[in-house]
Number of protein chains: 2
Amino acid sequence: MDDHDNCKIETALEILVGKWKPIILYQLFTNGTLRFSELQKSIPGITKKMLTAQLRELEYHDIVHRKVYLQIPPKVEYSITEYGQGITPLIQSISEWGQSHVKHLAEIYGDDRILKKTVEVQD
Amino acid sequence: MDDHDNCKIETALEILVGKWKPIILYQLFTNGTLRFSELQKSIPGITKKMLTAQLRELEYHDIVHRKVYLQIPPKVEYSITEYGQGITPLIQSISEWGQSHVKHLAEIYGDDRILKKTVEVQD
DNA sequence: CGGGATCCGCATAGATACTG
DNA sequence: CAGTATCTATGCGGATCCCG
């Protein structure tokens with residue numbers, strides 16, 4: 001780690017972060033190509049505004065490709081770029097660490113988040 | 001990637017994310033142990049409130065250890081836990097990808113962020 | 001010294017309506 | 001259909017004050 005690694009990390013994080021980006025990427029990775037409306041339907045709760053904004057950022061970073069069909073009604077398809085495929089190892093690393101970390105937390109605090117859910121329902 | 005990998009990713013990201021966490025971790029990784037006030041001085045612009053909040057989250061996740069000396073005036077030292085050491089490969093991965101990605105962006109859009117800096121200084 | 005409590009401002013997300 | 005424009009709301013970060 002040299003002195004400027006932090007900003008690089010933050011740059012990388014920008015791409016994954018934002019309430020919706022991980023799940024957008026997940027949808028595109030697993031489904032290949034999706035229309036705007038399909039994407040929206042597959043992500044409950046997201047608004048057009050947010051979806052558009054997040055997709056634009058991902059597009060800027062060359063992770064997502066935007067293909068516009070000039071027709072009425074319009075049709076726009078989104079997919080992972082070739083360069084974007086290259087983040088899979090990274091996502092894999094993060095995901096794996098995340099999984100083991102969840103287990104670690106369970107070991108420390110006990111697995112009472114399940115109980116918590118039950119309690120919440122009781123109300 | 002199974003159906004619930006997203007939440008795991010988000011769990012993992014929670015730890016790195018937040019305006020100040022990367023640099024807090026950086027300080028602790030490079031300096032070993034730091035007092036609250038030393039940490040604050042090493043991170044220009046951060047408020048006590050934020051520093052406290054971020055440290056508490058990191059502590060909850062067992063990444064950072066908080067050692068309190070019961071004395072007047074108080075003294076509190078922070079360090080990376082043994083478990084916390086385990087995130088280095090993850091940080092490494094993210095950092096490396098971040099670096100190569102910055103280069104990729106430079107290739108696509110041209111390297112005009114350096115020029116931008118120059119312009120900013122001109123003022 | 002190392003915080004906690006409180007108040008405030010701004011950015012950002014959400015909701016709604018409109019458009020090519 | 002795939003957005004944009006506009007308005008509103010809320011939640012987070014910053015500033016300030018206080019306390020053991």
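In what follows, every chain begins at residue 1, and chains take the letters A, B, ... in the order their sequences are listed.
Within the structure, every side-chain polar atom (N or O) of A/Trp20 is placed at least 4.0 Å from both OP1 and OP2 of C/dT12. Contact annotation: B/Arg35 does not reach the phosphate of C/dC1 (side-chain N/O to OP1 or OP2, under 4.0 Å).
Here the side chains of B/Trp97 and B/His104 are not in contact, with every heavy-atom distance at 4.5 Å or above. Taking the side chain as every heavy atom from C-beta outward, A/Ile91 and A/Tyr26 never approach each other to under 4.5 Å. Annotation: side chain of B/Leu58 is not in contact with side chain of B/Leu28 (no heavy-atom distance under 4.5 Å). Taking the side chain as every heavy atom from C-beta outward, A/Leu25 and A/Ile87 approach each other to under 4.5 Å. Looking at B/Phe36 and B/Leu55, their side chains come closer than 4.5 Å, going by heavy atoms from C-beta outward.
Of the two residues near DNA chain C, A/Gly18 and B/Arg66, the one whose nearest nucleotide lies more 5' is B/Arg66.
In this entry the distance linking CD of B/Gln54 with P of C/dG4 reads 14 Å, nearest Å. Going from atom CD of B/Gln40 over to atom C1' of C/dG2 covers 9 Å, rounded to whole Å.
Across all their heavy atoms, B/Ile9 and A/Ser95 have their closest contact at CG1-CB, 3.8 Å. For the residue pair A/Ser42 and A/Ile23, the shortest heavy atom distance occurs at O-CD1, 4.3 Å. Of all non-hydrogen atoms in A/Gly18 and A/Gln54, the two that sit nearest each other are C-NE2, 3.9 Å. Looking at every heavy atom in both residues, A/Gly98 comes nearest to B/Ala12 through CA-CB, 3.8 Å.
Distance alone, capped at 3.5 Å, is enough to place a donor-acceptor pair between the B/Thr81 side chain and the B/Asp62 backbone.
Sorted by first and then second residue, the salt bridge (charged side-chain N to carboxylate O under 4.0 Å, His left out) pairs with a member in residues 24-43 of chain B form an empty list; sequence neighbours excluded. Screening residues 13-22 of chain B for side-chain hydrogen bond (donor to acceptor under 3.5 Å, both in side chains) gives B/Lys21-B/Glu57 as the qualifying pairs, with residues at least two apart or on separate chains.
Interface residues of residues 67-77 of chain B facing DNA chain D, ordered by number: B/Pro74; criterion, heavy-atom separation under 4.0 Å. Within residues 42-53 of chain B, the residues that have a heavy atom under 4.0 Å from DNA chain C are, in order of number, B/Lys48, B/Lys49, B/Thr52.
Taking the screw axis at each terminus of the helix from C/dC1-D/dG20 to C/dG20-D/dC1 from five consecutive base pairs, the angle between the two is 50° to within rounding of 10 degrees.
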Show me the donor-acceptor pairs, under 3.5 Å and distance only, between side chains in residues 63-75 of chain B and residues at least two apart or in other chains.
from    : atom 1 : to      : atom 2 : distance (Å)
B/Arg66 : NE     : B/Tyr78 : OH     : 3.1
B/Tyr69 : OH     : B/Glu77 : OE1    : 3.0

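Between chain B and DNA chain D, the heavy-atom contact criterion of under 4.0 Å yields a 5' to 3' nucleotide range of D/dG13 to D/dG20.
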